Amino acid sequence: MTTSSFIPGLELSRHFYLEAVRPLLDQAAPQVAHSAARLGSGSEVLGFDTVRSADHEWGPRLQIFLCSQDATRHGARISALLSQRLPKTFRGYPTHFASAGEADIRVMQATDGPVHHRVEITDPGAWFTAHLGFDPRTDITLADWLATPTQLLAEVTAGAVFHDGLGELVPARANLDWYPHDLWLHVLACQWQRVSREEAFVGRCGEVGDELGSAVVAARLVRELMRLCLLMERRYPPYSKWLGSAFARTSQAPALTPVLTAVLAATDWHTREHHLARAYEAVAATHNKLGLTDPVDPDTRPYHNRPFQVLHAERFTAALSARINDPDISSLPTIGAVDQFVDSTDVLSHPGLARAATNGLLSR
């Protein structure tokens, strides 16, 4: 496969549904309402897939949603029908997924027999609960929002719905489109707090000759600023593999990318601090343009009586927190959603573990 022949996964899945799957559904279950989409895990859902993505869990695949009764009654029959009657290839890609010998990972592979397809037959409630830990078709609680990693929220609100015969996928995704306003303020406030906690350490590490430690702190701060920019633009930050790709699509990326790159390339703490100060001031100016709070002075300044240039980002935390009206949100500690106090891809890709971590914090 060459780059020129590569078909983005969402486009491939859309055509696969319309041209191969939908006709079989219309023949086998014409009276059964369904919805069809490509949601969930996979680089193609976020629009970041490349030729490299085809080496595992990528290809002509999608979800077919039936109401719970129809999923129980017809799901196995429809899945078996697709195995027997789907074409062996679609647009040049095998529709059969063979085991790669690693857990449940599968790869496209040619076959002469029935295809082990990746058309998941499910019902909305079961799928959403398995993927998020709750069902967004009903009320979404504060704990639901706080316990759900932004990677998972992005996987459900990105992707594409090809058909919504059930009339449930589009409203459910709309419910998850973005945090409620006061919770957005809280998440932003907590993200600024993360910057505040470490911004002086770049200089302090460097001052004692720990340039490696200074560089590590600076890299962490670059990540926090990238996530902050995404949150400001009402975009769910993805996990580390796609964070830079997502940041590149923000309005701040053209101006900030060279500055953040200079931070990471610096070999001494003074240079690192200089470029970070420029980045702080740019992001602070963007905060003021949002109009979420009264203007906050975006200039950097010394860290108390120490010779380190910082933003004192906690000023933005305070300004945002002061605008929160919901008492349940205003009483939360400035720790934030699960992504802001857990740094483990294992937890952040597993809704049950993320919920357990958040519930433990909220119960204190």
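The structure presented is a predicted model; accordingly, all values stated were derived computationally and were not measured. Basis for what follows: all heavy atoms, side chains included, without hydrogens, waters or symmetry-related copies.
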For the side chain of [X] and the backbone of [Y], is there at least one donor-acceptor N/O pair under 3.5 Å apart?
{"X": "Thr129", "Y": "Gly125", "value": "yes"}
{"X": "Arg235", "Y": "Arg249", "value": "yes"}
{"X": "Ser79", "Y": "Ala76", "value": "no"}
{"X": "Ser83", "Y": "Val115", "value": "yes"}
{"X": "Gln151", "Y": "Tyr239", "value": "yes"}
{"X": "Asn288", "Y": "Pro295", "value": "no"}
{"X": "Arg173", "Y": "Ala158", "value": "yes"}
{"X": "Asp182", "Y": "Asn325", "value": "yes"}
{"X": "Asp164", "Y": "Ser35", "value": "no"}
{"X": "Arg118", "Y": "Leu62", "value": "no"}

For [X] and [Y], work out which heavy atoms get closest and say how close.
{"X": "Leu66", "Y": "Asp70", "answer": "CD1-O, 3.7 Å"}
{"X": "Ala277", "Y": "Gln309", "answer": "CB-CG, 4.5 Å"}
{"X": "Ala28", "Y": "Arg77", "answer": "O-NH1, 3.3 Å"}
{"X": "Asn175", "Y": "Ile140", "answer": "O-CD1, 3.7 Å"}
{"X": "Pro171", "Y": "Gly167", "answer": "CG-O, 3.4 Å"}
{"X": "Ala160", "Y": "Phe162", "answer": "CB-CE2, 3.7 Å"}

Under 4.5 Å between side-chain heavy atoms, counting indirect links through other Ile/Leu/Val/Met/Phe/Trp/Tyr residues: same cluster for [X] and [Y] or not?
{"X": "Met232", "Y": "Trp145", "value": "yes"}
{"X": "Phe97", "Y": "Tyr93", "value": "yes"}
{"X": "Phe65", "Y": "Phe134", "value": "yes"}
{"X": "Leu86", "Y": "Ile78", "value": "yes"}
{"X": "Leu10", "Y": "Phe16", "value": "no"}

Regarding [X] and [Y], does a basic nitrogen lie under 4.0 Å from an acidic carboxylate oxygen?
{"X": "Arg22", "Y": "Asp26", "value": "yes"}
{"X": "Glu120", "Y": "Arg61", "value": "no"}
{"X": "Glu44", "Y": "Arg38", "value": "yes"}
{"X": "Arg315", "Y": "Asp297", "value": "no"}
{"X": "Arg204", "Y": "Glu207", "value": "yes"}
{"X": "Glu19", "Y": "Arg91", "value": "yes"}

Check against side chain to side chain contact (heavy atoms under 4.5 Å, CB included), Arg106 and Glu57: CA-CA 6 Å; Arg106 291 185 172 269; Glu57 292 296 338; 3.9 Å; yes
Short side-chain donor-acceptor distance under 3.5 Å, [Y] and [X]:
{"X": "Glu211", "Y": "Thr267", "result": "no"}
{"X": "Glu155", "Y": "Ser41", "result": "no"}
{"X": "Asp135", "Y": "Thr138", "result": "no"}
{"X": "His116", "Y": "Ser99", "result": "no"}
{"X": "Arg227", "Y": "Gln340", "result": "no"}
{"X": "Ser251", "Y": "Glu233", "result": "yes"}

Parallel, tilted or perpendicular: which describes the rings of [X] and [Y], with under 30° parallel and over 60° perpendicular?
{"X": "Trp184", "Y": "His181", "answer": "perpendicular"}
{"X": "His163", "Y": "His34", "answer": "tilted"}
{"X": "Tyr236", "Y": "Tyr179", "answer": "perpendicular"}

Can you find a pair of side-chain heavy atoms, one from Phe48 and one from Lys241, that are under 4.5 Å apart? no
List the steps and the verdict of side chain to side chain contact (heavy atoms under 4.5 Å, CB included) for Leu146 and Leu183. CA-CA 9 Å; Leu146 292 171; Leu183 187 56; 3.9 Å; yes
Cys190 vs Ile335, test: side chain to side chain contact (heavy atoms under 4.5 Å, CB included). Steps then yes/no. CA-CA 6 Å; Cys190 294; Ile335 295 174; 5.6 Å; no
Applying ring-ring contact (aromatic ring centres under 6.0 Å, His included), run through Trp58 and Phe6 and close with a yes or a no. CA-CA 12 Å; Trp58 183 99; Phe6 176 73; 5.3 Å; yes
Can Tyr280 and Phe316 be said to form a ring-ring contact (aromatic ring centres under 6.0 Å, His included), step by step? CA-CA 11 Å; Tyr280 294 148; Phe316 294 82; 9.9 Å; no
Could you please spell out the steps behind the ring-ring contact (aromatic ring centres under 6.0 Å, His included) verdict for His15 and Phe90? CA-CA 9 Å; His15 287 291; Phe90 183 80; 7.4 Å; no
Matching residue for Arg194 among Glu224, Glu314, Glu199 - test: salt bridge (charged side-chain N to carboxylate O under 4.0 Å, His left out): Glu224
Evaluate the criterion side chain to side chain contact (heavy atoms under 4.5 Å, CB included) for residue pair Leu256 and Thr250; output intermediate values, then yes/no. CA-CA 10 Å; Leu256 269 181; Thr250 67; over 6 Å; no
Rounded to the nearest 0.5 Å, what's the gap from CD on Gln193 to OG1 on Thr317? Could you check? 4.5 Å
Are more than 12 heavy atoms from other residues, nucleotides or ligands located less than 6.0 Å from atom [atom1] of [X]?
{"X": "Gln69", "atom1": "CD", "answer": "no"}
{"X": "Arg323", "atom1": "CZ", "answer": "yes"}
{"X": "Arg137", "atom1": "CZ", "answer": "yes"}

Might you work through the side-chain hydrogen bond (donor to acceptor under 3.5 Å, both in side chains) test for Thr122 and Gln63, ending with a clear yes or no? CA-CA 7 Å; Thr122 184; Gln63 294 92 15; over 6 Å; no
Tell me if the centroids of the rings in His312 and Tyr303 come within less than 6.0 Å of each other. yes
For Thr89 and His96, run side-chain hydrogen bond (donor to acceptor under 3.5 Å, both in side chains): C-alpha distance rounded to whole Å, both residues' side-chain angles, the deciding distance at 0.1 Å, then the answer. CA-CA 8 Å; Thr89 63; His96 175 72; over 6 Å; no
